[in-house]
Enquirer: 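Please find one structure pasted underneath; my questions will follow.
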Amino acid sequence: MARFLTAVVLAGLVGGAAFADEFLLTPDNTTVKFVGTKTKPMPGKHDGGFKGVKGSATYDGKDLTSLAITVDIDMNTIYTDTEKLTQHLKTPDFFDVKNNPASKFVSSKVEKGKEGYNVTGKLTMAGKTKELTFPATIEVKDGNLTLSSSFKLNRHDWGVSYGKGAVDDLVSLNISVKAKMK
Amino acid sequence: MPPEFWDIAGDYLFLLILPTLGASLAVMLDVCYRGGGRYAPLAAALAVTAGLASGTFVRSDVIDYRVDSDRPWSVTDLATVLGWSLEGQAPPKEGEPPPEDPPPKKQPRYWLIWLAGLALAVESLVRLMYLPAGVAWSARTLMAAFAGRVLTHEQMRQDMPWMPWVVGLGILLEWAVLVNLAGRWKDGVAALAAAVGFWAAAVVLIHAHYNRGMDMALFGFAAVLGPAVGAWIWRGDTGTALAAAAVYLPGVVLTGQWDASANDNKVPLTSFICAGLAPVALAPMLLPGLNRLPRWARWLPALILVLIPALIAVGLAAQMESIDFGSKNEWE
């Protein structure tokens, strides 16, 4: 009986895995961009992003709330519209990429929201892990996963606190995924 | 200079230098006014502490002094974080599983302010207890060796196992030169030399595009200026404050160089070394003959001696990297 039950459970697991849709996230199909604003010495904004984004997304093929996303970001691939700012962002004033070369997001749940979905997970950045929930439009059609999201996060939650009062606390993030099924 | 430079300079003056210097100077002058020059060691210790506390209160985003701002302070957390810094791992606990939610691992710069405070305490105790020279120098040597270990990044220790000893030696040398001259001269010139070192460190670090490093150096610059002025007026010994400076100055440069190297800046290592050890250039002034020069005859050569490495540091940094205040830059 025990053997039979084990076989049933294993078959279920293997079968489940076989039916799960998996999407590989690569720098070609996934972009993470940000806009930082500041008030001193004069108001302004800077655009930037990360070139080294990779990860995976899986779901059961039926319900998008079963979506599980893992994203790794190589923080050394950060870029902005100004070379000197890119250099500055790599220091411990902001991301401290020498000591924290990678950021990671691992989703824990995806729920239906008023418009689209709300993705919740843990974001590790600058050596600190915090829970993050952001709204997203998600669609899987003809074997293509499309996800787009725009939201703001508070940099102080991850200990990125330098320049308080000069650099705004909230940073706008724009995430876009257009991935084909594996 | 473009207008934005003056805005930034104004912010630094009013939000960092003046709060630090103001508190440091006020405490130094007050204690020396009440007790005279013989109270200068106590006044100097209190002055740098007040200066750094005041500066940190106004600019709370520069010096990270808490183990974890999200959780209450605990000895266990402190021991864990110190264990990481000393050995690259948390101290083992027999029979206890590792904590599920450990405090964040701290980089060497985190310890700077605490080590400077510890050096200040060591120097104050040496004086308060009238310890014999041998015991006093043993305590200073132990402190310098400990600071050298903690301030050297784990990765640097793996690549260059001798580095903590070199850093410790540098700290001890700086400590010896500054404390000896402060005790002999009692005129604030040694404290002024430390301030010049901090100024050079600040300029070098901003050329490495590391603003927080520059801010940390400017805290040191403003904090030691108070004792320098007080000692000049009341002819007092500022050695206690300079013990803190002897750890803080090489430390801010060492950790700053390590932290800023992430951005591939071209500021040469020589620049950082010259800034961090600038006060050691006063060593010739300890030679017989020179150390007994009258006040009017010694301050200028002393200033020239410390300015040589400081200007080399700044010149090399400015040659290799620019702080562009043009139209399309990070300050825009």
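What you see is a predicted model, and the numbers here were worked out from it, not measured in a lab. In what follows, chains carry the letters A, B, and so on, assigned in the order in which the sequence lines appear, proteins first and then strands, with residues in each chain numbered from 1.
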Enquirer: Drop me the distance from K90(A)'s NZ to D264(B)'s CG, to the nearest 0.5 angstrom.
Expert: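 Going from the NZ atom of K90(A) to the CG atom of D264(B) covers 5.5 Å.
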Enquirer: Might you confirm whether atom CD of E115(A) has over 12 heavy atoms from other residues, nucleotides or ligands at distances under 6.0 Å?
Expert: no
Enquirer: Do you know the tightest heavy-atom contact between E321(B) and K84(A)?
Expert: OE1-NZ, 4.5 Å
Enquirer: Identify which part of D64(B) has an atom lying under 4.5 Å from any heavy atom of chain A, answering side chain, backbone, both or neither.
Expert: neither
Enquirer: Side chains of residues 256-263 of chain B: which donor-acceptor partners sit under 3.5 Å, not counting sequence neighbours?
Expert:
from    : atom 1 : to      : atom 2 : distance (Å)
W258(B) : NE1    : H153(B) : NE2    : 3.4
D259(B) : OD1    : R109(B) : NH1    : 3.2
D259(B) : OD2    : R109(B) : NH1    : 3.0
D259(B) : OD2    : Y210(B) : OH     : 3.2
S261(B) : OG     : K98(A)  : NZ     : 2.6
S261(B) : OG     : W258(B) : O      : 2.6
N263(B) : OD1    : N265(B) : N      : 3.0
N263(B) : OD1    : N265(B) : ND2    : 3.0
N263(B) : ND2    : Q87(A)  : O      : 3.3
N263(B) : ND2    : A208(B) : O      : 3.0

Enquirer: Which one of T86(A), I78(A), D93(A) has the most heavy-atom pairs closer than 4.5 Å to chain B?
Expert: D93(A)
Enquirer: Near K178(A) NZ, under 6.0 Å, is it more than 12 heavy atoms from other residues, nucleotides or ligands?
Expert: no
Enquirer: With rounding to the nearest 0.5 angstrom, report the CZ to CZ distance, R212(B) to F94(A).
Expert: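 R212(B) CZ to F94(A) CZ: 9.0 Å, rounded to 0.5 Å.
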Enquirer: I'd like to know which of P92(A), S161(A), P101(A), G165(A) tops the heavy-atom pair count under 4.5 Å against chain B.
Expert: P92(A)
Enquirer: Taking V97(A), T91(A), T80(A) one by one, which has the highest count of heavy-atom pairs under 4.5 Å against chain B?
Expert: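 Of V97(A), T91(A), T80(A), T91(A) has the most heavy-atom pairs under 4.5 Å with chain B.
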Enquirer: Is it true that atom OH of Y65(B) has more than 12 heavy atoms of other residues, nucleotides or ligands lying nearer than 6.0 Å?
Expert: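 Count not over threshold, so no.
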Enquirer: Quick one: which residues of residues 214-223 of chain B reach chain A at under 4.5 angstrom, heavy atoms only?
Expert: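 D215(B) fall under the 4.5 Å cut-off.
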Enquirer: Is D96(A) in contact with chain B via its backbone, its side chain, both, or neither, using a 4.5 Å heavy-atom distance?
Expert: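 For D96(A), the contact with chain B is made by the side chain alone.
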Enquirer: Taking all non-hydrogen atoms of both residues into account, name the closest pair between Y162(A) and N211(B) and its distance.
Expert: OH-CB, 3.1 Å
Enquirer: Nearest 0.5 Å please: distance from the CD atom of Q107(B) over to the CG atom of N99(A).
Expert: 3.0 Å
Enquirer: Under a 4.5 Å heavy-atom cut-off, does chain B meet the side chain of K164(A), its backbone, both or neither?
Expert: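 Answer is both: backbone and side chain atoms of K164(A) are under 4.5 Å from chain B.
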